[in-house]
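Report on the structure given below.
Only heavy atoms go into these numbers, but all of them, side chains included; no hydrogens, no water, no symmetry mates. Note that the structure is predicted; figures quoted are calculated from it, not measured.
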Amino acid sequence: MPRSAPARRPHRPRRPRRSAVAVLLLAAALTGPALPYATAGERPPAGTNGDGGGHGDPEERELRRALAELVAAPGGPPGAIAVLTRDGERRVYRAGTAELGSGTTTGSGAKSGTGTESATGARSGTGAESGTGGSRPPRADDHMRIASVAKAFSGAVSLALVDRGALALDDTLGKRLPHLPEDWHGVTLRQLLQHTSGLPDFSRSARFQAIVRADPRHRFDSRRLLEFVAGEDLAFPPGSRYAYSNSDNIAVALMAEQATGRRYEDLLRELVYRPLDLRDTSLPAGFRLPRPFLHGYDTTPGEPPEDVSEAISASGAWASGGIVSTPADLNTFIGGYAGPALLSPPTRHAQYRFVPGESQPAGPGENAAGLALFRYETRCGTVFGHTGNTPGYTQFAAATRDGRRAVTVSVTSQVTLDPALLARLRATEERFVCALLEGGGDRPHGGHGAPAA
């Protein structure tokens with residue numbers, strides 16, 4: 001049923017209600033008719049009516065409708081934005097609002113604003129948060145939490161160091177981080193990147209969760225997160241099976257620091273941000289987001305949406321999920337990472353060896369796990385990328401193996417808590433994958449790289 005959005009107040013970050021904290025802990029254990037917009041700095045494609053491709057284009061209509069229906073669904077996210085790049089042409093599709101205001105609402109919040117823009121000027125850097133009391137649509141230069149897609153960034157750093165000879169995929173924790181429990185010493189970098197390590201997940205630790213429950217903005221020492229599970233044995237012999245663990249990518253970042261003597265944040269800048277020209281991506285330690293940003297919401301049924309954008313500290317996720325980026329930067333990153341821009345052919349060959357395993361949350365189609373990269377086999381073809389979810393945000397980023405086509409879908413709530421809504425989101429992601437692959441790209445059961453290890 002439609003419900004009115006609360007009157008807009010000046011943004012004051014506050015402690016989330018009990019339900020939002022419960023959402024956080026679950027995540028740690030790891031959006032009237034819509035109107036077209038053309039925001040300053042984001043120009044519509046030439047020859048269109050401003051909403052991308054014209055109303056007569058069936059594909060454009062279907063993609064706009066898919067996002068609008070996701071936002072309008074019961075408990076749906078207040079906002080959604082998708083960026084689709086094909087052979088250098090980028091289009092932006094959006095529905096709903098970047099921040100709930102006083103506008104007309106449908107479903108979980110203000111739902112005005114769908115449309116697409118060309119890539120021209122998408123990173124304008126000029127958009128201030130609206131202060132007029134109305135709502136504005138999501139934009140490609142809005143900051144957001146990318147959650148577990150940050151794990152792909154740790155893959156990019158460590159695999160780049162493999163290319164440079166500073167690390168090897170068969171390097172062990174015992175060699176690089178001998179202070180960690182002896183039971184863990186045989187775990188390799190390869191197993192960490194593929195979630196076959198058996199490391200216990202620090203974010204499931206009762207002590208970690210108690211700290212977050214008491215103070216969601218607690219400032220953790222990110223480099224000591226593994227201490228929460230240092231007294232635990234491996235869950236299984238390394239390499240024997242797949243099990244997603246947030247500890248894996250903390251260990252990956254620590255190995256990168258040990259191998260280079262440099263901070264992980266500096267390695268991100270040198271090995272990922274600069275080569276791909278990611279100007280709006282960072283790894284903060286606190287709870288604040290750079291302006292402008294997509295506001296993320298807890299959309300617990302029966303309660304008004306609660307802004308949880310700045311409710312939690314990124315320090316408790318770090319290399320496992322703490323990165324902040326924008327839809328534009330995230331789209332650029334996944335095209336470079338899944339494609340050949342960052343890594344050598346031999347390293348990519350190792351990266352593209354897959355075992356059965358779903359990303360968290362599951363992406364569209366059938367999932368399989370490579371090295372900090374997942375394969376998504378959909379009804380229209382195959383793409384490679386990563387997903388993520390955290391309070392206020394759910395992410396999907398994928399590209400073709402040549403990196404020439406990339407798609408990201410970002411929504412402003414954690415839809416994984418509602419199975420029906422997650423199924424709708426996965427169907428929406430698959431629609432965008434189909435649009436991405438039309439006329440080219442990887443077809444079903446093709447372009448998978450090497451066989452599973």
Side-chain angles (χ1 to χ4, degrees), residues 83-92 119-120 122-123 140-141 146 149-167 169 189 193 249 252-253 256 260 264-283 319 323 325-354 359 363 370-376 381-388 395-410 432-433 436-437 440-442 447-450:
V83 181
L84 191 152
T85 301
R86 290 187 292 199
D87 302 315
E89 180 186 7
R90 190 174 71 203
R91 291 179 178 271
V92 180
T120 306
R123 186 190 289 126
D141 61 354
I146 69 168
V149 185
K151 293 177 171 67
F153 282 74
S154 72
V157 167
S158 59
L159 293 175
L161 292 176
V162 168
D163 269 347
R164 288 158 173 75
L167 278 174
L169 288 173
L189 175 62
L193 291 171
N249 299 84
V252 168
T260 62
Y264 178 62
E265 292 82 355
D266 295 333
L267 294 172
L268 281 169
R269 282 189 287 271
E270 177 185 339
L271 301 176
V272 185
Y273 304 164
R274 289 174 186 165
L276 296 179
D277 193 27
L278 306 183
R279 302 179 185 178
D280 296 312
T281 302
S282 61
L283 178 53
I323 287 179
S325 190
T326 65
D329 265 14
L330 187 58
N331 190 265
T332 298
F333 166 75
I334 202 62
Y337 179 57
L342 292 178
L343 304 174
S344 70
T347 299
R348 292 189 72 218
H349 181 79
Q351 179 190 32
Y352 272 73
R353 294 182 67 88
F354 295 92
S359 59
L371 303 188
L373 187 77
F374 288 84
R375 184 179 72 205
Y376 302 107
T382 302
V383 290
F384 306 88
H386 215 291
T387 62
Q395 303 284 359
F396 168 68
T400 53
R401 190 170 180 178
D402 62 8
R404 294 173 61 87
R405 298 186 175 211
V407 61
T408 58
V409 179
S410 305
F432 276 90
V433 170
L436 183 78
L437 298 179
D442 293 329
H448 297 167

Quick check for you: to the nearest 0.5 Å, what is the distance between S282 atom OG and D329 atom CG? 9.5 Å

Should L189 and S158 count as side-chain neighbours, where that means a heavy-atom distance under 4.5 Å? yes

With sequence neighbours excluded, tell me which residues meet side chain to side chain contact (heavy atoms under 4.5 Å, CB included) with A338. Y352, L373, F384, A399

In the structure I gave you, are the side-chain heavy atoms of L283 and Y264 within less than 4.5 Å of one another anywhere? yes

Can you tell me how far apart CZ (R91) and CZ (F432) are? Round to the nearest 0.5 Å. 12.0 Å

Relative to the ring of F396, is the ring of Y376 parallel (under 30°), tilted (30 to 60°) or perpendicular (over 60°)? perpendicular

Where do L271 and A160 come nearest, in terms of heavy atoms and distance? CD1-CB, 4.2 Å

Please report the closest heavy-atom contact between P275 and R269, naming both atoms and the distance. CD-O, 4.2 Å

I need the minimum non-hydrogen distance between L193 and G155, along with the two atoms involved. CD2-CA, 3.9 Å

List in chain and number order the residues that pass side chain to side chain donor-acceptor pair (under 3.5 Å) with R348, two or more places apart in sequence or in another chain; answer none if no residue qualifies. none

If I take atom CG from residue L169 and atom CG from residue L161, how far apart are they, to the nearest 0.5 angstrom? 11.0 Å

Can you find a pair of side-chain heavy atoms, one from Q395 and one from T408, that are under 4.5 Å apart? no

Closest non-hydrogen atom pair between L343 and Q351, with its separation: CD1-OE1, 3.8 Å

If you compare all heavy atoms of A140 against all heavy atoms of T326, which two are closest, and at what distance to 0.1 Å? O-CB, 3.4 Å

Considering residues at least two apart in sequence or located in another chain, which fulfil the side chain to side chain donor-acceptor pair (under 3.5 Å) criterion with T387? S359

Tightest non-hydrogen contact, residues A397 and V149, listed as CB-CG1, 4.4 Å

Rounded to the nearest 0.5 Å, the CG atom of L278 sits from the CG atom of L268 at a distance of 10.0 Å

Nearest 0.5 Å, please: how far is CD in E89 from CZ in R405? 10.5 Å

Evaluate the side chain to side chain contact (heavy atoms under 4.5 Å, CB included) criterion for residues V83 and R90: first the C-alpha distance (whole Å), next the side-chain angles of each, then the deciding distance (0.1 Å), finally the verdict. CA-CA 7 Å; V83 181; R90 190 174 71 203; 3.2 Å; yes

Let me know which of V272, I146, T281 forms a side chain to side chain contact (heavy atoms under 4.5 Å, CB included) with F333. V272

Rounded to the nearest 0.5 Å, what's the gap from OH on Y337 to CG on L159? Could you check? 5.0 Å

